[in-house]
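Presented below is the structure to which this report refers.
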Amino acid sequence: RDVRFTWERKPVAVKKILLIVAAIVLGLVGWRFWRGKEALASVSIAGFSLSFTYPLFSLLLERMGAAGWQIGLNAAAPALAMLIGGPLMPLVLRRLGMVPLLVVAALTLAAVLIAFKTYPDVWVWMGLRAIHGLSAVALFFGSELWIMSAAPPDRRGFWIGVYGVALSAGFLAGPLLLQLMDVNGWAPFLSAAAVSLVAVIPVALARREVPKGLGGDPQPVWAALTHLRTDPTVMAAVTLFGAVEYGAFAFLPVWATGVG
């Protein structure tokens, strides 16, 4: 039985409304904030890649005969990579620079998406998803730092909102695109890889617009862990949010397919 979302069952009007809303959001972001298109493209692609692949992989893993704990472990792999790789990002940024970091991350996302289809194995996918998560956190880190560094101090809160809109647009686009295709063939993987490659273009063209002094002063890798002591409430809230969000991403698609 083909695993396909129920897009065909939706009324034509609902389909049009969803696609129009997505197009309007993406269009407004691109038009109104064109000067920040490079970083916004990166964070949108990161959000798209996560929201597109989590339900896709959960459905395919179930079809491959994976147990619930294997699906959960696969879903945890990118999150673990983000947890380990996050503190390393300032060091990587100082070594590579902003534009190479974002370009390499986007290219890695595209390559890994092709590898998923080439090597359909539960345990191979776990390693690939760790690489996928590390690439996504590089896009998150680089784009957020770029936006915050380029924003005037009196407009920084506004640009944080813009960042949130771009990220939400990416999260919206992922499931919408996934509903338009059969998840069993090459189409989802090639489409997601193509979208990742699109983000490379504005970033590569904007190499002279990167704010100066990114990366800050050298700090020990474990310096980020001090926030566990100084801001325990914030860290606990973020941890809880991540657990709920990634758990929902991993298991809701399988549950929804099971109940029809």
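How far CG of Leu167 is from OG of Ser51: 9.0 Å, rounded to the nearest 0.5 Å.
Scanning for side-chain contact (heavy atoms from CB on, under 4.5 Å) contacts around Thr118 gives Ile114, Trp186, with sequence neighbours left out. Taking Val99 as the reference, Val103, Val203, Arg207, Val210 meet the side-chain contact (heavy atoms from CB on, under 4.5 Å) condition, with sequence neighbours excluded. With sequence neighbours excluded, the residues that form a side-chain contact (heavy atoms from CB on, under 4.5 Å) with Gln70 are Ala66, Ala67, Val122, Trp123. For Ala106, the side-chain contact (heavy atoms from CB on, under 4.5 Å) criterion is met by Val200, not counting sequence neighbours. Judged as a side-chain hydrogen bond (donor to acceptor under 3.5 Å, both in side chains), and not counting sequence neighbours, Thr53 has no contacts.
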For residues 77-88, tabulate all N or O donor-acceptor pairs below 3.5 Å that involve a side-chain atom, not counting sequence neighbours.
none

Show every donor-acceptor pair shorter than 3.5 Å between a side-chain atom in residues 125-141 and any protein atom, with sequence neighbours excluded, or say none if there are none.
residue : atom : partner : partner atom : Å
Trp125  : NE1  : Phe116  : O            : 2.9
Trp125  : NE1  : Tyr119  : O            : 2.9
His132  : NE2  : Ser49   : OG           : 2.7
Ser135  : OG   : Ile131  : O            : 3.0

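By the 4.5 Å heavy-atom criterion applied to side chains, Phe48 and Leu177 are counted as neighbours. Using a 4.5 Å heavy-atom threshold, the side chains of Lys117 and Leu190 count as separate. For the pair Leu91 and Arg95, the minimum side-chain heavy-atom distance is below 4.5 Å. Annotation: side chain of Phe57 is not in contact with side chain of Asn74 (no heavy-atom distance under 4.5 Å). Taking 4.5 Å as the limit, every side-chain heavy atom of Met89 sits out of range of all side-chain heavy atoms of Leu145.
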For this session: May I have the step-by-step check of side-chain contact (heavy atoms from CB on, under 4.5 Å) for Arg63 and Asn184, ending in yes or no?
Result: CA-CA 10 Å; Arg63 285 185 58 82; Asn184 293 305; 3.2 Å; yes
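The minimum heavy-atom distance between Gly47 and Phe171, with the atom names listed, is O-CD2, 3.6 Å. Looking at every heavy atom in both residues, Tyr163 comes nearest to Ile147 through CD1-CD1, 3.6 Å. When all heavy atoms of Ser143 and Leu102 are compared, the closest pair comes out as N-CD2, 4.1 Å.
Counting only distance, with no hydrogens or angles, the side chain of Ser191 and the backbone of Pro188 share no donor-acceptor pair below 3.5 Å. Checking side-chain atoms of Tyr54 against main-chain N and O of Ala75 turns up a donor-acceptor pair under 3.5 Å.
There is no path of hydrophobic side-chain contacts, each under 4.5 Å, that joins Val104 to Met98.
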